[in-house]
Asker: 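Here it is, the structure in full.
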Amino acid sequence: MRIGLLLVAAALLPGQIPRTAEGKPDLSGVYDIATLTPLLRPDHLGDRLELSDQEAAALAKMEAARMAKTSQASNPNRTAPPKGGDGSEGAAGNVGGYNTVWTDRGTGAFKINGKWRTSIITDPKNGRMPPLTPEARKRAAARVALARPNTGDAWWVKEGLNPGPYDDPELRPLGERCLLGFGSTGGPPMLPVLYNNLKQIVQTPNRIMILNEMVHDVRIIRMNEEHEPPEIRRWLGDSVGRWEGDTLVVDTTNFTDQPALTSATRYLHVVERFTRIDARTLLYQFTVEDPTVWTRPWSGEMIMPATEDRIYEYACHEGNYSFEGILRGARLLEAEAAAKAK
Amino acid sequence: MAAGAQQLPRLSNGKPDFNGVWQAIGSAHYDIERHMARPAMMLRDGPHGPLPAVPLLRLGAVASVPGGMGIVEGGSIPYKPEARAKREENRKHWIERDPEIKCYLPGVPRATYLPFPFQIIQNEKQFFIAYEYAGAARDIYFTDPGPPETDSWMGQSVGKWQGDTLVVEVTGQNDQTWLDRSGTHHTEQMKVVERYRLMTPNHIQYEATIEDPEVFARPWKISLPLYRRMEKDARLVDFKCVEFVEELVFGEHRRKKLER
C-alpha cells in the first residue's frame, strides 16, 4: 500500500499540485466549466476527437463576434415587438428572451493534453450518445413533439391534446419549475449550459461538497461509504466517493424519476472521475449508464479550470414570475381559441 | 474550560473542526421571543379568547405553537414602536406573508434554528454551510470582498477567527426574510454578526447580534446551542420544498383547477 502510494506520488511529481493535510490532491476551489466545445460532436466532424488550432481559433472568433454584435446598445427608439412575436423562431417568437448580459457560454473550446477537443463525449467514438432503446425513443419523440416554438395560438387545443403541455405545473420541464437547472448543469454528469457554469468544491477527508451555481444545488459526496437504501432518492442522486490513487472516483445512484440529464430515469448510474492536472485545473471524466434509456454506456471528459469569479446566489424559485406567466399565457391562448370556436 | 478545549476535534491548522450535521432543538423557529404556548400560528378573536384562524382550524394541535424561554437575550426584541406594529400585523397575516410557507430561502439567522439539520463542510481554507431546508447554502468568505454588490436571500457572509470562535458578519440580505413564524421582520439594512463556538465535540454555542436601525431601537442578541446529530447515518436528505408548494403558488393557473 505504502509503496503504491509512493509510486503514484513520484509519477505526479509531488509539489506540483496542492495537497490536503492527509496528502490527497486538493480539489477545493471554484471552477468555471463554460466551454464552446459542445457535449455532442457536430456530425460533419465524424470520429475526429480533436480540433486544429485554426479551427479552435475560428470557433472562438465566431463567438467573440456574436458577443460583440449582441452587446451593441439597443436602439432607444425601437418600438414594441409585434403581438405574438415577430414570427421568427426563438424565445417566445423573439419578443425577447435571454440577452448577452445573461449568457456565458465561455470564450473557447477546451484542451486536454494540449489538444483542442471537438466534443465532450469521447465514447462512442463519434462523440454522440449511443442509440436509445425503443422505449426511450418513444418517450423522447413524445417530448420533442410537445416542445414547439410559440406560434401565438393554443395549437394543443386545435390538436385535441389531453393533457396539453401547459395544463399543469408538473408537466413543465424541471428548469422552468426551478427544481433543477436545465441541461444537466447540476448533474451528475455536470455539463456546461448557457449560463451559471460555476462549481465550488469543498474537500474534507470524509465529505466532499460540490455547489452548483444554478439553483444553489449542493451535492455532498460521502467518502468510502455504501449507497443509501433504495427508499431514499435524490434529485442529484446519492454520491459516494473513493480515491483511486490521485483520482477521486464518485459513484452516483438513487436518482428520482427525473434526473437532470435529459432522458435519464431513476435507473441512471453515473461514475465521475476528478483528477487535478495542475494547480489551476481539474480533469473531469464521466461514464453514464441507464439501460432503460441507452443501448450502452457512454463517456465524456472535459476540464474544470479554476476561476477568480464569485458564485452569486441564484434564487430561482423566489423570483419565478415567468412560470406563472407561462401558465397564464397558455390559459389566455386557450380562452382565445374557445372564443374563436364560438 | 482549558481542559475541555484540549479535547475538541481540530483541523491540521489547529482550528476547531465543526464538520458534521447539526441542528437546533426548541421552539425558536415558531417564535424567537420568550412566549407561552398558543392555539395556532395565526389567531382570531373568539368569544372567550383567541382561537386558531379559520385556515388552520382543521390542523388542531398540530398547528399550535409550543411555548419556550426564547433565544432573545432579555426575552423580547427591542422593536421601534412602528416596527412592533408591523410585527403584529405580520402575525395576523401569517399564512399569506411568512416566506417559509412559499419555500423561500430562509436568510440568516433563521436558517440556523429551523427544524431541519444543516451540515458544515470545513477545511483549512473553506467553511461552507449546507441547509436541508430549501437546499439553502452559504459560503463563508475569509477574504472580505467589500460591501455586497447586490442583495440576496442568504446575504454575504464574511468570516474571521477570534481564537477558537468563528465570527461571521452577514450583510446584503434582502428585506423579504423573516426570523421566525411570528412575523419577526427586518430591512435590507440588517447586519447579523454570528459567533460559532465549539463547546464540546458535539455541541456548538451559537450567538448572533442583530442590528437594523430601521426596525430596532438598539442591537440585540440571540443565543442557543446547536447539537450534533448523533445518528450513525446522520446526513441531509433532499427537502426541495419548491415542488411541495407548486399547488399553493401556481395551482390557480392550472387548466383544470383542483379543489383549493
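Each chain gets a letter, A, B and so on, in the order the sequences are listed, and its residues count up from 1. Excluded from the calculations below are hydrogen atoms, water molecules and symmetry mates; all remaining heavy atoms, backbone and side chain alike, are included.
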Asker: Is the number of heavy atoms from other residues, nucleotides or ligands under 6.0 Å of A:R148 CZ greater than 12?
Answerer: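 Yes, because the 6.0 Å sphere around CZ of A:R148 holds more than 12 heavy atoms from other groups.
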
Asker: Looking at B:S12, B:A137, B:P145, B:A130, which makes the most heavy-atom pairs under 4.5 Å with chain A?
Answerer: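 Most heavy-atom pairs under 4.5 Å with chain A: B:P145.
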
Asker: Against chain B, label A:D26 side chain, backbone, both or neither, depending on which of its atoms sit under 4.5 Å from a heavy atom there.
Answerer: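 For A:D26, side-chain heavy atoms alone lie under 4.5 Å from chain B.
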
Asker: Considering only heavy atoms, which portion of B:N13 lies under 4.5 Å from any heavy atom of chain A: side chain, backbone, both, or neither?
Answerer: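 Neither; nothing under 4.5 Å.
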
Asker: Which atoms of A:I311 come close to chain B, meaning under 4.5 Å heavy atom to heavy atom: side chain ones, backbone ones, both, or neither?
Answerer: backbone

Asker: State whether the number of non-hydrogen atoms from other residues, nucleotides or ligands found under 6.0 Å of A:E226 atom CD is greater than 12.
Answerer: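 Open: at most 12 neighbouring heavy atoms sit under 6.0 Å from CD of A:E226.
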
Asker: Test the B:R181-B:W94 pair against the cation-pi criterion, namely NZ or CZ under 6.0 angstrom from the six-membered ring centroid and within 45° of the ring axis.
Answerer: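 Cation-pi check for B:R181 and B:W94: fails.
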
Asker: Tell me, for A:R222 versus chain B, whether the close heavy atoms (under 4.5 Å) come from the side chain, the backbone, both or neither.
Answerer: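 Just its side chain gets close to chain B.
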
Asker: What part of B:Q156 gets closer than 4.5 Å to chain A, counting heavy atoms only: side chain, backbone, both or neither?
Answerer: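 It is the side chain, since no backbone atom gets that close.
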
Asker: Check whether A:R177 gets within reach of chain B through its side chain, its backbone, both or neither, counting any heavy atom under 4.5 Å.
Answerer: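 Its backbone and side chain both get close to chain B.
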
Asker: Among B:D139, B:N19, B:L11, which residue forms the greatest number of heavy-atom pairs with chain A at distances under 4.5 Å?
Answerer: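 The answer is B:D139.
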
Asker: Under 4.5 Å heavy-atom distance to chain B, tell me which part of A:E22 shows up: side chain, backbone, both or neither.
Answerer: neither

Asker: Indicate yes or no: does A:R310 engage A:E213 in a salt bridge with an N to O separation below 4.0 Å.
Answerer: no

Asker: Measure B:Y141 against the heavy atoms of chain A and call it side chain, backbone, both or neither at under 4.5 Å.
Answerer: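 The answer is the side chain of B:Y141.
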
Asker: Just by distance, do the side chain of B:R197 and the backbone of B:D164 share a donor-acceptor pair under 3.5 Å?
Answerer: no

Asker: If you count heavy-atom pairs under 4.5 Å with chain A, which of B:K256, B:Q119, B:M154, B:R235 comes out on top?
Answerer: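 Among the listed options, the one with the most contacts to chain A is B:R235.
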
Asker: Under a 4.5 Å heavy-atom cut-off, does chain A meet the side chain of B:R138, its backbone, both or neither?
Answerer: neither

Asker: Of the backbone (N, CA, C, O) and the side chain (C-beta and beyond), which part of B:Q176 lies under 4.5 Å from a heavy atom of chain A, both, or neither?
Answerer: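 Answer is neither: B:Q176 stays 4.5 Å or more from chain A.
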
Asker: Is it the backbone or the side chain of B:E247 that comes under 4.5 Å from a heavy atom of chain A, or both, or neither?
Answerer: neither

Asker: Would you mind checking which part of A:D217 comes under 4.5 Å of any heavy atom in chain B, side chain (CB onward), backbone (N, CA, C, O), both or neither?
Answerer: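 The answer is the side chain of A:D217.
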
Asker: Considering residues, nucleotides and ligands other than B:K191, do more than 12 of their heavy atoms fall under 6.0 Å from its NZ?
Answerer: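 No - once you tally the heavy atoms of other residues, nucleotides and ligands closer than 6.0 Å, there are 12 at most.
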
Asker: Got B:Y131 and B:F116 here, is their nearest side-chain heavy-atom distance under 4.5 Å?
Answerer: no

Asker: Hey, which of B:G251, B:C103, B:P99 has the most heavy atom pairs under 4.5 Å with chain A?
Answerer: B:C103

Asker: Please look at B:F128 and chain A and tell me whether the side chain, the backbone, both or neither of the residue comes under 4.5 angstrom of a heavy atom of that chain.
Answerer: side chain

Asker: Against chain B, work out which of A:V202, A:T20, A:T204 has the most heavy-atom pairs shorter than 4.5 Å and name it.
Answerer: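 Sorted descending by pairs with chain B, the first entry is A:V202.
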
Asker: Just wondering, do B:W153 and B:T177 contact through their side chains at under 4.5 Å, heavy atoms?
Answerer: yes

Asker: What part of A:E313 gets closer than 4.5 Å to chain B, counting heavy atoms only: side chain, backbone, both or neither?
Answerer: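 For A:E313, side-chain heavy atoms alone lie under 4.5 Å from chain B.
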
Asker: If you count the non-hydrogen atoms of other residues, nucleotides and ligands that lie under 6.0 Å from NZ in B:K102, is the total more than 12?
Answerer: no

Asker: Please classify the contact between A:E324 and chain B as side chain, backbone, both or neither, with a heavy-atom cut-off of under 4.5 Å.
Answerer: both

Asker: Which bit of A:I201 comes within less than 4.5 Å of chain B, counting heavy atoms only: side chain, backbone, both or neither?
Answerer: backbone

Asker: Is B:L236 close to chain A through its backbone or its side chain, or both, or neither, when contacts mean heavy atoms under 4.5 Å?
Answerer: both

Asker: Looking at A:D246 and A:R19, does any basic side-chain N land under 4.0 Å from a carboxylate oxygen?
Answerer: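 Salt bridge: yes.
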
Asker: Looking at the rings of A:Y31 and A:F274, which for Trp means the six-membered one, are their centres under 6.0 Å apart?
Answerer: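 So the answer is no for these two rings.
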
Asker: So, B:Y227 versus B:W22, ring centres under 6.0 angstrom or not?
Answerer: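 Ring-ring flag for B:Y227/B:W22: false, centres at least 6.0 Å apart.
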
Asker: Between B:F239 and B:F244, is the ring centroid distance below 6.0 Å?
Answerer: yes

Asker: Could you have a look at B:E252, B:E149, B:K125 and say which one has the most heavy-atom pairs with chain A under 4.5 angstrom?
Answerer: B:E149

Asker: Could you verify whether a donor N or O on one side chain and an acceptor N or O on the other, from B:H185 and B:D175, lie under 3.5 Å apart?
Answerer: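 Distance-only check fails for B:H185 and B:D175.
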
Asker: Examine whether an atom of A:Y312 lies under 4.5 Å from a heavy atom of chain B, and if so say whether it belongs to the side chain, the backbone or both; otherwise answer neither.
Answerer: side chain

Asker: For A:D168, run the side chain to side chain donor-acceptor pair (under 3.5 Å) check against B:R254, B:H253, B:R255 and tell me which one passes.
Answerer: B:R254

Asker: Counting heavy-atom pairs under 4.5 Å to chain B, which of A:L179, A:V218, A:L211, A:L327 comes out on top?
Answerer: A:L179

